[in-house]
There are 2 protein chains.
Amino acid sequence: MEKRYKTPKECLGKLMPVRDTLDIFQGKWKIQIISVLMYYDECSFKLLKESVKGITSKMLSKELKELEVNQLVEREVIDTRPVTIRYRITPYGESSRDIIIALYNWGVEHRKKIIGKE
Amino acid sequence: MEKRYKTPKECLGKLMPVRDTLDIFQGKWKIQIISVLMYYDECSFKLLKESVKGITSKMLSKELKELEVNQLVEREVIDTRPVTIRYRITPYGESSRDIIIALYNWGVEHRKKIIGKE
DNA sequence: CAGAATCCGGTCAGATACTG
DNA sequence: CAGTATCTGACCGGATTCTG
């Protein structure tokens, strides 16, 4: 391996997968929703709304749709009266667990650092 | 360990570190900037701008400031003519490597899945 | 219960131009 | 080179109301 300068072009290649991932998980809510679904295994709309603190019906609905399109979350309609809806994480969504764990761990350490300061 | 229902309140506790982390890395650019700085070790404003594709001076400047405040990035002014500025990732910023790696890995797998489909 | 519809302000962020 | 300044449209997302 010869030593040479790194270029923006090479860097872009390294960066692309990260950009792809960010595109999908972008925003304030998606990661939180997935985390909650991992926690509960399955979940109603109402429970999701109570668990993702601060989210509105509108946002929750919108984000769930986008997660469904990307096949990270699945929505099951059960034919009861009134209908029951269950949200569940898909195996593909499950594959983002490493991301959630990394975010979680960093947050725990961050909190230690911040609290240690004050 | 006794078996019992999970509650939104417990869930919130689990979610908090994730929320903390998201607060800091939120947005389209911060993760990308950190990734680039990890790649180069140190970096000028110009090189950063060329490497984070699509970012404007304004956004780059703003995001760098926020990253500095959170001590993820440091800015060194070298007294030359004209002055040289170097951006570098801090050890604390370095601690987010696991997050970047998780995002990168997921992006690589995601691309395989998407391309396999078309 | 599980959302859809509407209204609406704020801020985000892009384009462009400019500075020491 | 390393940013700042200004302008502007887009859209994010909150509050509220309504529905089957």
Side-chain angles (χ1 to χ4, degrees), chain A residues 5-8 11 15 19 22-34 36-37 40-70 73-89, chain B residues 5-8 11 15 19 22-34 36-37 40-70 73-89:
Chain A
Y5 289 109
K6 296 176 177 178
T7 67
C11 184
L15 207 49
R19 293 174 77 117
L22 288 176
D23 277 345
I24 289 180
F25 294 102
Q26 198 67 270
K28 193 173 167 182
W29 303 116
K30 292 197 183 67
I31 290 279
Q32 293 188 57
I33 293 171
I34 291 178
V36 170
L37 286 173
Y40 287 121
D41 300 335
E42 64 175 44
C43 194
S44 68
F45 190 88
K46 192 191 177 202
L47 187 53
L48 262 173
K49 189 159 142 57
E50 287 165 4
S51 300
V52 180
K53 201 181 166 188
I55 198 168
T56 62
S57 295
K58 180 182 147 189
M59 279 300 112
L60 180 53
S61 174
K62 187 188 141 216
E63 301 290 81
L64 281 169
K65 267 174 201 158
E66 293 178 23
L67 290 171
E68 250 193 284
V69 167
N70 286 312
V73 165
E74 65 183 19
R75 177 178 188 273
E76 187 192 0
V77 184
I78 300 168
D79 193 11
T80 51
R81 278 276 175 173
V83 285
T84 308
I85 313 276
R86 306 223 149 280
Y87 290 97
R88 207 170 286 116
I89 197 162
Chain B
Y5 289 109
K6 295 175 177 180
T7 68
C11 184
L15 207 49
R19 292 173 79 115
L22 288 176
D23 277 344
I24 290 180
F25 293 103
Q26 197 68 270
K28 194 174 167 185
W29 302 115
K30 292 198 183 66
I31 290 280
Q32 292 189 57
I33 293 170
I34 291 178
V36 170
L37 286 173
Y40 286 122
D41 300 334
E42 64 176 42
C43 194
S44 67
F45 190 90
K46 193 193 175 200
L47 186 54
L48 263 172
K49 191 159 141 55
E50 287 165 5
S51 300
V52 180
K53 200 181 166 188
I55 199 169
T56 61
S57 294
K58 180 181 147 189
M59 277 302 112
L60 180 53
S61 174
K62 187 189 142 217
E63 301 289 80
L64 281 170
K65 267 174 200 157
E66 293 178 23
L67 290 170
E68 249 192 284
V69 167
N70 286 311
V73 164
E74 67 184 17
R75 179 180 186 271
E76 186 192 1
V77 183
I78 301 169
D79 193 11
T80 51
R81 280 275 176 174
V83 284
T84 308
I85 314 275
R86 306 222 149 282
Y87 288 97
R88 209 171 283 118
I89 197 164

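Please read these numbers as outputs of a predicted model, since none were measured by experiment. Letters A, B, ... are given to chains in the order of the sequence lines, protein chains preceding strands, and every chain is numbered from 1.
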Would you be so kind as to tabulate the donor-acceptor pairs closer than 3.5 Å made by side chains of residues 76-86 of chain B, with sequence neighbours excluded?
| residue | atom | partner | partner atom | Å |
| --- | --- | --- | --- | --- |
| E76(B) | OE1 | R88(B) | NH1 | 3.2 |
| E76(B) | OE1 | R88(B) | NH2 | 3.0 |
| T80(B) | OG1 | P82(B) | O | 2.8 |
| T80(B) | OG1 | T84(B) | N | 3.2 |
| T80(B) | OG1 | T84(B) | OG1 | 2.7 |
| R86(B) | NE | E42(B) | OE2 | 3.1 |

Quick check on dC1(D): is either OP1 or OP2 less than 4.0 Å from any side-chain nitrogen or oxygen of Y87(B)? no

End-to-end axis angle, where each axis spans five pairs of the helix from dC1(C)-dG20(D) to dG20(C)-dC1(D), to 10°: 50°

Integer-rounded Å distance: [N] [atom2] and [X] [atom1]:
X: D79(B); N: dA2(D); atom1: CG; atom2: P; answer: 14 Å
X: E76(B); N: dG3(D); atom1: CD; atom2: P; answer: 13 Å
X: L48(B); N: dC1(D); atom1: CG; atom2: C1'; answer: 13 Å

Would you say [X] and [Y] make side-chain contact, with heavy atoms under 4.5 Å?
X: L67(A); Y: I89(A); answer: no
X: L22(B); Y: Q32(A); answer: yes
X: I33(A); Y: Y87(A); answer: no

Could you tabulate the donor-acceptor pairs under 3.5 Å formed by side-chain atoms of residues 53-60 of chain A, not counting sequence neighbours?
| residue | atom | partner | partner atom | Å |
| --- | --- | --- | --- | --- |
| T56(A) | OG1 | M59(A) | N | 3.3 |

From [X] atom [atom1] to [Y] atom [atom2], the distance as rounded to the nearest 0.5 Å:
X: K28(A); Y: R19(B); atom1: NZ; atom2: CZ; result: 8.0 Å
X: E63(A); Y: I31(A); atom1: CD; atom2: CD1; result: 11.0 Å
X: F45(A); Y: L64(A); atom1: CZ; atom2: CG; result: 6.5 Å
X: L48(A); Y: S61(A); atom1: CG; atom2: OG; result: 11.5 Å
X: K30(B); Y: I24(B); atom1: NZ; atom2: CD1; result: 9.5 Å

Return the set of residues passing salt bridge (Lys or Arg N to Asp or Glu O under 4.0 Å) with K46(B) (not counting sequence neighbours), or none when no residue passes. E50(B)

Heavy atoms under 4.0 Å, any strand shown: does [X] hit a base, just sugar-phosphate, or nothing?
X: T84(A); result: nothing
X: K28(A); result: sugar-phosphate
X: R75(A); result: sugar-phosphate

Nucleotides bounding contact with chain A, strand DNA chain C, heavy-atom threshold 4.0 Å: dC1(C) to dC7(C)

By nearest-heavy-atom nucleotide on DNA chain D, the more 5' of L47(B) and P82(A) is L47(B)

The correct set of residues in residues 52-66 of chain A placing a heavy atom under 4.0 Å from DNA chain C is S57(A), K58(A), S61(A), K65(A)

